[in-house]
Amino acid sequence: MLISLDLNDPRPLHVQLSAAIRRAIADGSLGPGDRLPPARDIADALGVNVNTVLRSLRELRDEGVLEFRRGRGVTVVRRPDARESLAPRVVELLEEAARYGLRSDDVIDLIKEVACTLRPRPNVRSADGSCC
């Protein structure tokens, strides 16, 4: 499990760690039944306090993504819901867009434009004439 934290990111470290673990599960690096390293090992590898790691793991346990078992450690129970996984990234995007002076409507328009270039659908036009 390769996870890194951005010390320049304004989000709390436990939130960053939770998001990183969700991404690792969503992209298949971790799957249901996989065990996570002990919290102390994760904390040492990331250079953070073990309580920060435990807070993140408890958050994911409360979401039903991880399971704690005495003597067996922490295991992945299920993949996080896609909306659950993307929500923190959407928040990051909207916060960054706001720093550039963009509104959420501007970001939505940009996403639609980019989506059309990624997977254009011939002969399909929306009411406003865009391809999506």
Checklist entry - Has Arg61 got more than 12 heavy atoms of other residues, nucleotides or ligands less than 6.0 Å from its CZ? => result yes

Next on the checklist: A quick test of your reading: do over 12 heavy atoms of other residues, nucleotides or ligands sit less than 6.0 Å from CZ of Arg11?
Outcome noted: yes

Checklist entry - Which atom pair, heavy atoms only, marks the closest approach of Ile25 to Arg78? => result CG2-O, 3.9 Å

Please answer whether the main-chain N or O of [Y] pairs with a side-chain N or O of [X] as donor and acceptor at a distance below 3.5 Å.
X: Thr52; Y: Val48; value: no
X: Glu67; Y: Val76; value: no
X: Asp34; Y: Gly31; value: yes
X: Asp106; Y: Arg103; value: yes

If I take atom [atom1] from residue [X] and atom [atom2] from residue [Y], how far apart are they, to the nearest 0.5 angstrom?
X: Leu60; Y: His14; atom1: CG; atom2: NE2; answer: 10.0 Å
X: Glu95; Y: Asp9; atom1: CD; atom2: CG; answer: 8.5 Å
X: Leu30; Y: Arg22; atom1: CG; atom2: CZ; answer: 13.5 Å

Count I, L, V, M, F, W, Y as connected when their side-chain heavy atoms are under 4.5 Å apart, and connections chain through other members. Are [X] and [Y] then in the same cluster?
X: Val91; Y: Tyr100; value: no
X: Ile111; Y: Leu102; value: no
X: Leu54; Y: Val65; value: no

Item to check | Criterion side-chain contact (heavy atoms from CB on, under 4.5 Å) against Ser56, the qualifying member of Leu17, Val15, Ile42, Leu13 | outcome: Leu17

Checklist entry - Considering the options Thr75, Val77, Leu36, which one meets the side-chain contact (heavy atoms from CB on, under 4.5 Å) requirement together with Leu66? => result Leu36

Next on the checklist: Is any side-chain heavy atom of Ile21 closer than 4.5 Å to one of Leu57?
Outcome noted: yes

Item to check | Close side-chain approach of Leu110 to Val107, heavy-atom, < 4.5 Å | outcome: no

Checklist entry - Could Arg58 and Glu63 be called an ion pair, given the rule that one side-chain N must be under 4.0 Å from one carboxylate O? => result no

Next on the checklist: Among residues at least two apart in sequence or on other chains, which ones pass salt bridge (Lys or Arg N to Asp or Glu O under 4.0 Å) with Arg40?
Outcome noted: none

